[in-house]
Amino acid sequence: MLHKQLMADKAFDAMLCSTGQHSTLLHDAIRDFDVALDIELEAMTENASMVDQLSYMMKHLQLVVTQHKPNLIIVQGDTLSAYCGAMIAFYNQIKLAHIEAGLRTYDKSSPYPEEIHRKYIDDVADYHFAHSDSAMQALLNEGHKTSHVHMVGNTGIDALLYIRDALAKKDISPSQEISQLVESIKLNHKLALLTLHRRESVGEAQKEIMQSILNCAEALNMKIICLMHPNPMMQDVYDQYKSHAHITFVKAVDYTSMIWLMSQVDIIYSDSGGIQEEAPYLGKRVVVLRAVTERQEMIDLGNHVLFSRDSVLEDSERIVSEGHEVIAPYGDGDAVGRVVEVFKKGICIVVS
């Protein structure tokens with residue numbers, strides 16, 4: 001959405017660059033928004049480890065910067081791609097804008113490695129675009145200048161509302177495969193969505209989480225759709241539970257199908273940061289599969305609950321069976337417009 005608006009504004013000469021960290025997921029998303037990549041790297045296909053990906057990204061992003069000489073680099077979130085984009089901006093003394101600035105758990109191991117990524121990005125950024133009061137306050141507490149911190153809402157929510165409204169008008173539709181699966185399950189069962197991919201919980205912790213959620217599914221006559229993450233470290237977990245009667249594993253779906261799927265379920269189990277923000281705009285609540293969250297306001301508002309093995313069944317039953325007003329605090333769908341107004345000149349490379 002941000003790139004699309006930059007392209008439409010004559011004040012900008014904007015380029016969209018993908019590192020290729022998760023190329024399939026990105027291609028699905030940009031197709032939904034009718035935008036095209038100007039530069040596409042191959043970080044994930046080149047090397048699997050984070051260290052190798054970092055080395056690849058730094059080398060190739062430097063080549064991009066050397067060739068195009070941008071005045072501004074914009075990075076989104078706290079991914080390895082965003083981290084590398086921020087380092088390239090700093091080493092080349094190029095202005096840096098950070099979308100989704102100020103998220104903190106103050107625990108360097110959770111989420112890992114994203115907590116360190118986003119702290120570094122904010123340390124070197126020139127423009128900090130915060131999506132919530134708590135994120136803005138975190139930035140101010142760390143000493144960032146008030147003139148550099150901008151409360152705009154979340155550009156991801158702009159994208160979600162765009163797709164949500166297009167689905168409601170039937171201008172677009174989910175994939176036939178996912179819609180048929182949902183319809184077949186909802187005839188006789190409650191329905192849950194599960195996404196699980198955080199590195200800090202790989203191994204026994206993930207298996208404990210999976211077993212707890214499956215116990216909930218059995219107790220509540222609920223079926224689970226689990227979206228498989230492309231991270232190869234997850235494959236053992238998927239293989240162990242693929243024959244369980246209460247869970248169906250499907251490959252990651254396109255963005256439109258994902259938003260539609262979230263709108264159809266009775267409960268969401270997820271360790272994704274984005275889903276924590278998106279769910280309330282679809283009237284849904286999340287059991288957050290983490291010990292801590294950088295979106296603590298969602299817990300304080302009563303929208304979501306943190307996972308606890310001892311209380312997950314009780315929490316799940318309450319979410320599935322009780323009505324609850326869900327508060328959506330991350331903007332009104334015009335974050336992109338506010339970001340564009342902050343910088344009205346310069347050539348931008350947007351690093352996905």
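Values below: all heavy atoms of this structure, side chains included; hydrogens, waters and symmetry mates excluded. Everything numeric in this text was worked out from a predicted model, so none of it was measured.
Under the 4.5 Å side-chain heavy-atom criterion for Ile, Leu, Val, Met, Phe, Trp and Tyr, Met151 and Ile157 are members of distinct hydrophobic clusters. Under the 4.5 Å side-chain heavy-atom criterion for grouping Ile, Leu, Val, Met, Phe, Trp and Tyr, Tyr255 is connected to Val265 within one hydrophobic cluster. Under the 4.5 Å side-chain contact rule for hydrophobic residues, Met7 and Ile99 do not share a cluster. The hydrophobic clustering, which links ILVMFWY residues whose side-chain heavy atoms are closer than 4.5 Å, places Phe249 and Leu289 together. If you chain together hydrophobic residues whose side chains sit under 4.5 Å apart, Val149 and Val340 never meet in one group.
Side-chain N or O atoms of Asn303 include one that pairs as donor or acceptor with a backbone N or O of Ile327 at under 3.5 Å. Arg118 contributes no side-chain N or O that, together with a main-chain N or O of Asp78, makes up a donor-acceptor pair within less than 3.5 Å. Looking only at distances, a side-chain donor or acceptor of Glu115 sits under 3.5 Å from a matching main-chain atom of Tyr106. Side chain of Ser257 to backbone of Val253: no donor-acceptor contact under 3.5 angstrom is found. With hydrogens and angles disregarded, a donor-acceptor distance shorter than 3.5 Å links the side chain of Ser179 to the backbone of Gln176. Distance alone, capped at 3.5 Å, is enough to place a donor-acceptor pair between the Arg295 side chain and the Gly273 backbone. When atom types are taken as modelled, the side chain of Tyr241 and the backbone of Lys207 share a donor-acceptor pair closer than 3.5 angstrom. Between the side chain of His60 and the backbone N or O of Tyr56 there is at least one donor-acceptor pair closer than 3.5 Å. A donor-acceptor pair under 3.5 Å is absent between the side-chain atoms of Gln93 and the main chain of Ala89, judged by distance alone. Looking at Asp266, its side chain does come within 3.5 Å of a backbone N or O of Leu191 through a donor-acceptor pair.
Results of the side-chain contact (heavy atoms from CB on, under 4.5 Å) test with Val305 over Ile319, Val286, Ile299, Val312 single out Ile319 as the only residue that passes. Of the residues Gln137, Glu294, Glu142, the one that meets the side-chain hydrogen bond (donor to acceptor under 3.5 Å, both in side chains) test with Arg104 is Glu142.
In the model, Gln62 has a side-chain atom that pairs as donor or acceptor with a side-chain atom of Thr66 under 3.5 Å. The closest side-chain donor-acceptor pair between Asp122 and His144, if any, does not fall under 3.5 angstrom. A donor atom on one side chain and an acceptor atom on the other are not found under 3.5 Å apart for Asp52 and Ser55. Side-chain contact, Thr155 with Asp158: no donor N or O sits under 3.5 Å from an acceptor N or O. In this model, a donor atom of one side chain and an acceptor atom of the other lie less than 3.5 Å apart for Gln296 and Asp300.
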Assess whether salt bridge (charged side-chain N to carboxylate O under 4.0 Å, His left out) is satisfied between Arg290 and Asp107, documenting all intermediate values. CA-CA 12 Å; Arg290 302 192 199 174; Asp107 178 352; over 6 Å; no
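Scanning for ring pair (Phe, Tyr, Trp, His ring centres under 6.0 Å) contacts around His246 gives His244, with sequence neighbours left out. Applying the side chain to side chain donor-acceptor pair (under 3.5 Å) criterion to Gln235, with sequence neighbours excluded, gives Asp239.
The aromatic ring centroids of Phe129 and Phe343 lie less than 6.0 Å from each other. Aromatic ring centres of Phe33 and Tyr162 lie closer together than 6.0 Å. Ring centers of His128 and His98: at least 6.0 Å apart, outside the cut-off.
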